[in-house]
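Please read through the structure below; I'll follow up with questions.
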Amino acid sequence: MSSIKIYNTLTRKKEEFVPLEAGKVKMYVCGPTVYNFIHIGNARPPIVFDVVRRYFSYRGYEVTYVQNFTDVDDKIIKKAEESGMGVEEVANMFIAAFEEDVRALGVKKADVHPKVTEHIPEIIAFIEDLIAKGHAYVASGDVYFRTASFAEYGKLSYQNIEELQAGARIEVSDKKENPLDFVLWKGAKPGEICWESPWGKGRPGWHIECSAMSMKYLGETFDIHGGGHDLIFPHHENEIAQTESLTGHPMAKYWMHNGYINIENEKMSKSLGNVILVKKLRENYPARVIRFFMLGAHYRNPINFSDALLRQAANALERIDTAVRNLKHHLDSAVDEAATEEEKQRVDSFRQRFIEEMDNDFNTADAITVLFDMVREVNQMMAANVLRKEIGAAYLALFAELGDVLGITFGEAEQNMSGPSDEEINTLIEERAQARKVRNFARADEIRNRLQEMGIIIEDTPQGTRWHRK
RNA sequence: GGAGGCAUAGCCAAGUGGUAAGGCACAGGUCUGCAAAACCUUUAUCCCCGGUUCGAAUCCGGGUGCCUCCUCCA
């Protein structure tokens with residue numbers, strides 16, 4: 001079997017994936033800072049890396065997936081002050097909100113979701129080690145990383161230090177030896193949430209948490225580190241500096257970064273007022289449509305977002321859903337006959353193509369194309385009435401199998417709780433059938449319209465009328 | 001100023017050397033009481049100009065336009 005290729009930000013090349021430990025994948029993905037509800041852009045990494053993780057599992061790897069929660073930082077503290085809530089309260093509230101949004105989007109929980117506030121001792125120990133090795137220094141209650149002590153600084157973002165310094169718009173601080181140095185430990189302002197440390201009361205800087213927590217759960221070197229592409233610099237660059245100056249070997253073998261989601265070709269930002277919250281969007285679209293929409297483009301490319309585009313995705317997904325529903329329906333009356341070898345191979349060829357596309361740096365867009373090709377295949381067979389039971393069931397199973405890799409279940413509309421009961425629907429359909437029998441089409445259409453208003457779509461087939469919820 | 005990305009049909013989007021996948025929308029046809037679904041058919045010289053090559057959407061050079069990072073940011 002072929003191997004998985006990953007585009008590695010570190011080398012700027014697509015590389016064959018070779019795990020550090022045979023059969024195992026250890027991955028760390030930067031999680032949210034929990035100070036607000038997530039917007040659609042925040043949802044991309046969880047979805048993208050959920051697919052990566054699912055695909056590795058599908059390919060037989062044992063995956064350990066870690067995604068952190070940044071549950072203490074400036075923005076959370078600010079939110080807490082504004083709302084009168086405690087920092088922990090704010091964090092917990094938005095962790096819960098994140099989990100709900102992301103679960104709806106079909107994202108499985110990571111194996112570990114470490115929180116910064118629960119790893120203060122590890123972080124302090126990490127910083128102490130850095131100081132001991134001369135990679136960090138204390139400056140009146142703060143601790144800074146000494147970037148000059150790490151010769152490879154800039155290797156991930158392909159920046160050279162001189163250029164960075166020249167273009168530095170970083171806040172000038174007399175506490176820093178160098179403008180590029182970044183804070184590892186922040187001394188607390190009076191009244192602020194804080195922890196005791198060898199350098200006085202304070203809290204961790206932003207980057208150090210990922211270094212400390214990834215090391216704790218995945219070891220000094222792990223396979224994959226992921227996140228949004230904006231994290232390349234400075235966040236991931238700084239993580240590398242911290243971890244590698246301490247351990248002397250690579251932090252992660254493959255660095256993966258997903259592209260942005262833009263609105264009208266522009267970055268989503270509060271100042272532009274174009275932020276779209278997942279929570280809000282879910283009121284208008286099934287979460288699976290949002291997920292399908294995201295997987296329609298390659299993860300490294302930017303995606304433009306709009307209502308029209310989401311509707312387009314919904315229609316596309318509907319084609320697969322319809323085919324799978326029709327397939328299930330067809331199987332009820334299909335000829336109970338075994339599949340030929342050739343037919344079985346044909347089914348497997350779709351599976352192989354899907355794997356080939358996914359192997360190519362998780363090209364979900366092309367993988368979805370394979371599903372559409374399956375749709376056509378199955379539809380043609382049904383139209384020609386040559387789809388017998390065993391082969392039909394094989395296709396149905398493959399839709400489920402590949403859908404599971406993408407995290408989307410096909411053919412099942414999300415349950416609408418407020419809709420009419422099955423019994424009501426069947427009664428109306430029966431009534432319509434009677435009307436049609438006596439060629440009272442006015443009455444039949446009236447019933448069809450009524451059902452449609454209730455969100456029920458009906459279709460007349462040679463095997464009788466069937467329906468589904470819109 | 002430095003680093004990088006993108007430009008493919010009305011829209012979305014793959015394809016990184018062998019002659020343009022797929023989806024949405026639209027139109028025509030078949031089927032249907034009418035629909036729906038489905039099937040069939042039609043729809044692109046791949047931003048521009050040079051170059052390399054037997055052959056380029058794909059590689060190289062030069063433009064043009066858009067986006068991102070270098071500051072918290074997925």
Side-chain angles (χ1 to χ4, degrees), chain A residues 9 12 14 29-33 35-36 38-49 73-75 78 154 157-160 162-171 180 206 226-235 237 257-262 265-270 292-293 296-298 300-304 306 308-320 322-323 325-326 329-330 353 357 360 363-373 375-376 378-384 435-436 439-442 444-445 448-449 452 457-462 465-468:
Chain A
T9 306
R12 303 268 160 109
K14 231 181 251 182
V29 174
C30 289
T33 300
Y35 70 106
N36 208 340
I38 60 166
H39 62 241
I40 174 129
N42 295 317
R44 176 116 99 143
I47 291 174
V48 162
F49 291 103
D73 103 312
D74 289 348
K75 293 190 290 292
K78 190 169 164 231
S157 54
Y158 283 62
Q159 302 281 336
N160 71 61
E162 291 73 37
E163 288 299 343
L164 279 170
Q165 284 174 344
R169 281 183 277 167
I170 302 163
E171 190 188 338
L180 293 181
W206 175 36
H229 88 278
D230 56 307
L231 294 182
I232 296 171
F233 190 90
H235 188 233
E237 196 70 72
H257 295 95
N258 63 272
Y260 258 125
I261 291 181
N262 298 322
N265 263 317
E266 274 179 322
K267 189 174 155 173
M268 218 180 301
S269 74
K270 272 185 198 144
F292 185 76
F293 164 77
H298 185 89
R300 275 189 286 117
N301 291 153
I303 306 184
N304 226 349
S306 75
L309 260 19
L310 205 54
R311 256 180 277 123
Q312 210 170 280
N315 289 344
L317 179 55
E318 181 62 26
R319 178 167 162 84
I320 304 178
T322 302
R325 269 199 307 268
N326 289 352
H329 187 256
H330 182 96
R353 270 183 59 208
E357 304 298 0
N360 184 18
N363 194 335
T364 51
D366 272 343
I368 286 170
T369 290
V370 176
L371 292 173
F372 280 110
D373 289 344
V375 165
R376 164 151 291 126
V378 163
N379 282 340
Q380 282 172 337
M381 289 175 89
M382 286 192 285
R436 290 180 76 212
R439 304 188 67 80
N440 183 356
F441 297 122
D445 291 351
R448 182 166 62 197
N449 289 338
Q452 191 159 15
I457 306 299
I458 63 175
E459 292 164 13
D460 298 323
T461 77
T465 298
R466 66 166 176 271
W467 60 272
H468 68 271

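All chains are named by letter (A, B, ...) in the order of the sequence lines, taking the proteins before the strands, and each is independently numbered beginning at 1. Quick note: numbers below take in every heavy atom, side chains included, and nothing from hydrogens, waters or symmetry partners.
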For the side chain of A:Leu231, starting at C-beta, report the closest nucleotide among B:G23, B:A74, B:G33.
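The answer is B:A74.
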Which one, B:G2, B:C73, B:A14, comes nearest to the side chain of A:Tyr260?
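The listed nucleotide nearest to A:Tyr260's side chain is B:C73.
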Exercise: do A:Lys14 and A:Asn360 side chains pair donor with acceptor under 3.5 Å
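Indeed, the side chains of A:Lys14 and A:Asn360 share at least one donor-acceptor pair under 3.5 Å.
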When rounded to the nearest Å, what value does the distance between P atoms of B:C11 and B:G2 take?
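Those two atoms are separated by 34 Å.
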Above 12 or not: heavy atoms from other molecules or residues under 6.0 Å from CZ of A:Arg439?
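12 or below, so no.
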Nearest-Å distance once atom C1' is located in both B:A20 and B:C46:
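One C1' to the other, the span is 7 Å.
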Rounded distance in Å between the P positions of B:G51 and B:A57:
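Those two atoms are separated by 15 Å.
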When rounded to the nearest Å, what value does the distance between C1' atoms of B:C54 and B:C49 take?
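Nearest-Å result for B:C54 against B:C49 at atom C1': 23 Å.
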Distance between the C1' atoms of B:A27 and B:U42, in whole angstroms?
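Going atom to atom, C1' in each nucleotide, I get 8 Å.
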Residue A:Asp460, side-chain atoms from C-beta onward, closest of B:G33, B:G4, B:C12:
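Selected nucleotide: B:G33.
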Nearest-neighbour nucleotide for the A:Arg448 side chain, B:C24, B:A21, B:C34 considered:
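The answer is B:C34.
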Tell me which nucleotide among B:G33, B:C24, B:G15 gets nearest to the side chain of A:Asp366.
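Nearest listed nucleotide: B:G15.
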Pairwise C1' distance, B:U19 and B:U58 [rounded to whole Å]
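Roughly 12 Å separates the two C1' atoms.
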Give the rounded distance in Å between these two atoms: NE2 of A:His330 and C1' of B:A38.
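So the NE2-C1' distance, A:His330 to B:A38, works out to 12 Å.
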Euclidean distance for P, B:U68 against B:G63 (whole angstrom)
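Per the computed distance, 22 Å lies between those P atoms.
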Of the nucleotides B:A3, B:A21, B:C24, which has the atom closest to the A:Asn315 side chain?
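My answer, after comparing the listed nucleotides, is B:C24.
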Using distance alone, with no hydrogens and no angle criterion, decide if A:His39 and A:Asn42 have a side-chain donor and acceptor under 3.5 Å apart.
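Side-chain D/A pair, A:His39 to A:Asn42: present.
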Considering only the P atoms, how many Å lie between B:G22 and B:C39, rounded to the nearest integer?
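Nearest-Å result for B:G22 against B:C39 at atom P: 13 Å.
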Side chain of A:Glu237, backbone of A:Gly154: donor and acceptor closer than 3.5 Å?
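Present.
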base_contact_polar (B:C67 base, A:Lys267 side chain, donor-acceptor, <3.5 Å)
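No.
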Verify stack between A:Phe372 ring and B:G22 base, 5.5 Å, 30 degrees:
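Per 5.5 Å and 30° rule: no stacking.
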